[in-house]
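Encoded as structure tokens, the structure appears first; notes follow it.
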Amino acid sequence: MGFEFTNQTIRALCERGFLYQFTSPESIDKLFNSDKSFSFYVGFDATAKSLHVGHLLWIIAVNRLQRTGYRAIILTGGGTSKIGDPTWKDKQRVMLGSNEISANIDSVMRKLRTLIDFADSSANCAKLVNNDDWLSKIEYLPFLRDYGRFFSVNRMLSMDSISERLKRRQHLSFLEFNYMLLQAYDFLHLFNTENCVVQIGGADQWANIIFGVELIKKVYDKEAYGMTLNLLTTSTGAKMGKTESGTVWLDEEMTSPFDFWQYFRNVDDRDVCKLLKLFTDIELSEIDSYGAMIGTPSINEAKIKLADNITSFVHGKDCIASIKATVNNLFGNGSENQPYDIEEFRFQSSVQLDRAVFETGLAPSMSMSRKLIEGRGVKVDGSIVDSIKYRITASCVLSVGKKNFVKIAVEE
RNA sequence: GGAAGGGUAGCCGAGUGGUCAAAGGCAGCAGACUGUAAAUCUGCCGACAUUGAGUCUACGUAAGUUCGAAUCUUACCCCUUCCA
């Protein structure tokens, strides 16, 4: 810190809380003020079927950079995913098969194409690369001779991420240890082929990025740069986007737009301003004014704004209206309402309550269903029914908690 | 190759013959309170059944000892640490 960026784009990213570390702030500033002929790259793992909320940070950062004319390269870690990044991990990762990896890449890209401009038309459209394309061609001996000699094991061991693990006497396999080298090589490769001189990554990627920068320096005696993004955590210290009952995914198959919207609608008061800065284009001065609302009910307006913005970015503007309709109906007027489009289940004849709750998916098993009912968590047409023997004889609306509704139709 | 320590539910982690479907914590779900927040308190949290506490499946895998095993024995698999 301490350095004031003159470049507007980078400056804005700093002010909004995106950026965390820089290899060389002055040079980066100069570079971004230059002719924009270079490109930068961000990489992501292919370890899951979908990106999640945590990834939004770099997606939006890329967007912002793109809008101001910089060229992005999006690297999918098809090759490195075969190894698994050891950084900071307490445990070795599970090894993924190539089929799984490429399936993951496909499904991630389907979404990513809607969020980042890959169209050939624009001059600074993003380019997609897969590091498997070059990493899998590497031959061991040539690699060791050409690049291995530049890596100091002493130095690698001294990196925080690695030394932490050694200190705790945790196992670190040679396989994982090589991850850094490959990521460094990625950078070198892109530097060569795409005039890519900047790598952006998560804060946990710092060491890996540095190694890339140094490798380029050692091999070509040229400068390259790295920046890291802040780790997106909630005020309670948890990683953003992880709620059990699941991660909040960007893929609508995995997290519905409504649930996605709800996630942001329900963030902790203390996180609202931070998230608005990162995930929306709202002016900083306006966001600051929301800060005063923390602790008062009016903060809810800011949360709604936040949810609207992100949801329409990720899922498109079109879904907002129906989400809003559902929300109004559900929570409006403070009374017990129901959403509009709720799933309907038909039963041939009357059903016992526990069965109905289970079969409609409101509970994962009959036992859970009964426990929910006995725990006074189930409502029929808005009033609590705590007897599992209760029979549903006519059409009604079943609900569990405040947000799960299901319509029952009984055909006599 | 040698020595030691491990593998327990979504995760962490206790448990070393019956009272163990397995302490405790985290995460999760539901209830109260509220602002669809946070904090707090209460209940639930393997499955199936039940208004009564029954059955089944589970403590790395497979056999065995026992009336009875997460707990003992043997073999195997896997992981880690230390020494070569």
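Chain letters run A, B, ... following the sequence lines, proteins first and then strands; every chain starts at 1.
- The interatomic distance linking A:Met366 (CE) with B:A47 (P) rounds to 13 Å, in whole Å.
- Pairs of residues two or more places apart, or lying in two chains, that qualify as salt bridge (Lys or Arg N to Asp or Glu O under 4.0 Å) and include a residue from residues 297-309 of chain A are A:Asp269-A:Lys303, A:Glu286-A:Lys305, A:Asp308-A:Lys324.
- Between A:Phe22 and A:Phe5, a ring centre-to-centre spacing shorter than 6.0 Å is recorded.
- Whole-Å rounding puts the A:Leu275 CG to B:A37 P distance at 17 Å.
- In this structure B:G52 sits in the syn conformation; its chi angle is within 90° of 0.
- Residues from residues 347-356 of chain A lying near RNA chain B, meaning a heavy-atom separation below 4.0 Å, are absent.
- Using a 90° window around 0 for the glycosidic torsion, B:A53 falls inside it and is classed as syn.
- Taking atom CD1 of residue A:Ile388 and atom P of nucleotide B:G52, one finds them 12 Å apart after rounding to whole Å.
- Taking the six-membered ring for Trp and the full ring otherwise, A:Trp58 and A:Phe44 have centroids separated by under 6.0 Å.
- The phosphate of B:A49 has OP1 or OP2 within less than 4.0 Å of a side-chain N or O from A:Arg370.
- RNA chain B is contacted by both A:Val378 and A:Phe358; A:Val378 maps to the nucleotide lying nearer its 5′ end (nearest heavy atom per residue).
- At a threshold of 4.0 angstrom between heavy atoms, the contacts of A:Ser367 include nucleobase atoms, whether or not backbone atoms are also involved.
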Restricting to nitrogen or oxygen on both sides, can you table the protein-nucleotides 43-45 of chain B pairs closer than 3.5 Å?
residue : atom : partner  : partner atom : Å
B:C45   : OP1  : A:Lys371 : NZ           : 3.1

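- Between A:Glu374 and A:Arg376 there is no salt bridge, since no side-chain nitrogen of the basic residue lies less than 4.0 Å from a carboxylate oxygen of the acidic one.
- Sorted by first then second residue, the salt bridge (Lys or Arg N to Asp or Glu O under 4.0 Å) pairs that include residues 347-360 of chain A, not counting sequence neighbours, are A:Asp354-A:Arg370, A:Arg355-A:Glu359.
- The residue among A:Trp261 and A:Ile384 whose nearest nucleotide of RNA chain B is located toward the 5' end is A:Ile384.
- Side-chain proximity of A:Asn404 to the nucleotides B:U51, B:A30, B:U36 is greatest for B:A30.
- Per the geometry, CG belonging to A:Asp386 stands 12 Å off C1' belonging to B:U51, to the nearest Å.
- Whole-Å rounding puts the A:Lys379 NZ to B:G31 C1' distance at 10 Å.
- Between A:Asp251 and A:Lys111 there is no salt bridge, since none of the side-chain N atoms of the basic residue sits less than 4.0 Å from a carboxylate O of the acidic one.
- Salt bridge annotation for A:Glu194-A:Arg71: present, with a cationic side-chain nitrogen under 4.0 angstrom from a carboxylate oxygen.
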Using nucleotides 33-35 of chain B, report all nitrogen or oxygen pairs with the protein that are shorter than 3.5 Å.
residue : atom : partner  : partner atom : Å
B:U34   : O4   : A:Lys402 : NZ           : 3.1
B:G35   : O6   : A:Asp269 : OD2          : 3.3
B:G35   : O6   : A:Gly295 : O            : 3.1
B:G35   : N1   : A:Asp269 : OD1          : 3.3
B:G35   : N1   : A:Asp269 : OD2          : 2.8
B:G35   : N2   : A:Asp269 : OD1          : 2.8
B:G35   : N2   : A:Asn300 : OD1          : 3.2
B:G35   : N2   : A:Lys303 : NZ           : 2.9
B:G35   : N3   : A:Asn300 : ND2          : 3.4

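- To the nearest angstrom, P of B:A30 lies 15 Å from CG of A:Leu398.
- Sorted by first and then second residue, the ring pair (Phe, Tyr, Trp, His ring centres under 6.0 Å) pairs involving residues 300-324 of chain A (not counting sequence neighbours) are A:Phe260-A:His315.
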